[in-house]
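Residue numbering restarts at 1 for every chain, and letters A, B, ... go by the order of the sequence lines. From a predicted model like this one, the values you see are computed outputs, not experimental measurements.
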Amino acid sequence: MLGGALTPADGAALLFWGVVREQNDGRAVSQLEYSAYGPMAQREMLRIADEARARFGTGAIHVVHRVGRLEIGEASVAIAVASPHRGEAYEASRYVIEQLKQRVPVWKREGYLDGHAEWVPGFAPAVEAAR
Amino acid sequence: MLGGALTPADGAALLFWGVVREQNDGRAVSQLEYSAYGPMAQREMLRIADEARARFGTGAIHVVHRVGRLEIGEASVAIAVASPHRGEAYEASRYVIEQLKQRVPVWKREGYLDGHAEWVPGFAPAVEAAR
Amino acid sequence: MIVRSLFFATYRDMAGHDELAVELPSGARVADLVGSLRARGGGLARLPDSPVVAVNMDYAPLATELADGDEVAFIPPVAGG
Amino acid sequence: MIVRSLFFATYRDMAGHDELAVELPSGARVADLVGSLRARGGGLARLPDSPVVAVNMDYAPLATELADGDEVAFIPPVAGG
């Protein structure tokens, strides 16, 4: 995922993975299923990467989110940042994951050990200007 | 490098690489050579990882530094952090690289395109308590 | 005019469909579409009266004017990552 | 007693050696070792009079008392990462 991202100007590379945990808010999770509004999710992730590049002056940023059923220990999201300097790499990576959680149209259904499943409460995206 | 680090309690994984850049402070770098006080460098990196784990409450942290000749685009250092939560993963990773630069006995000799080479100025490690 | 309404996650469960084509008078706004859907009753009556929507994949306020063929997605709170 | 002195990077270039065994009176401290090395002249005369050192792989102040067989590393400013 970083292979194509690094250029000779880059001095730092940072790869973040969000991973399915066995516990969420104290409940034992057995599995997760992600669904998405795919084409819009793709567009929002590209926009967030563009914003992060412009804001922090990094090199390439790649963002991938999986959908479908995931087991504990599997990565749901991966964010790769290449950057001339490390400080900006950390800031950009953090920006991308926080924005992704707030506005990319992806939903998560958790299955618990007791057989019950439910949609995980999330963030209401901010709606700004009229188009 | 992360393979053995993740446990079912971890929800985030972060991998940082420091990479040799073509430029440092405006001079065109052609290659780099790292040397180290190997056994002590190893010990300091383990200590820093232990400090970060204790301070931020992460899971496993692995740190590797290369020595010898490196070309542009090659990684000199890699830091892998597994953590229940992402905020702590970012903080711990950042702590490790900053501490590493300040106290791990590793030195860098840069070769420039004009054939000249020199030791890169660095940080004088802090010496604290008498033993 | 006809607009496509898309439903996801909890809204999909309420609607009982992934999508629905809705006929609206020309000049209608997102708020009119929401009102029309809620008025159908059943699960759709439980749609919030000010849901977050995206029109043609951009988040858009309820006052946004719609055009024939627009795709209006109803976006419950997101939980990616 | 005898202590091993190790030199790295710029200090190695000054010393002309990776390491040197130095005989010191018992009770000697790191500061005495530094003085003894600087007094040898040549490149070693350019060692700072308060260098950073590690004794047996721990950073240690100049007042640290040395023991026979100790390994004292002279650590110029570090530049890893």
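Smallest separation of non-hydrogen atoms from C/Ala73 and A/Tyr37: CB-CE2, 3.3 Å. Contact record, A/Val120 with C/Ala79: O-CB, 3.8 Å, taken as the closest heavy-atom pair. Counting all heavy atoms, side chain and backbone alike, C/Ile75 lies closest to A/Trp107 at CG2-CZ2, 3.7 Å. In terms of heavy-atom proximity, A/Arg103 sits nearest to C/Val78 at N-CG2, 4.0 Å.
At a 4.5 Å heavy-atom cutoff, A/Ala41 makes no contact with chain C through either its backbone or its side chain. In this structure, no portion of C/Ala63 lies under 4.5 Å from any heavy atom of chain A. Of the atoms belonging to C/Pro76, heavy atoms from both backbone and side chain fall under 4.5 Å from chain A. Of the two parts of A/Val77, only the side chain, counted from C-beta on, holds a non-hydrogen atom closer than 4.5 Å to a non-hydrogen atom of chain C.
Once rounded to the nearest 0.5 Å, the distance linking CG of C/Leu6 with CE of A/Met40 reads 11.0 Å.
Put simply, of A/Ala126, A/Ala36, A/Pro125, the one with the most heavy-atom pairs under 4.5 Å next to chain C is A/Pro125. Between chain C and the residues A/Pro105, A/Gly18, A/Ser76, the most heavy-atom pairs under 4.5 angstrom are made by A/Pro105.
For residues 44-65 of chain A, the interface with chain C (any heavy-atom pair closer than 4.5 Å) comprises A/Glu44, A/Arg47, A/His65, sorted by residue number.
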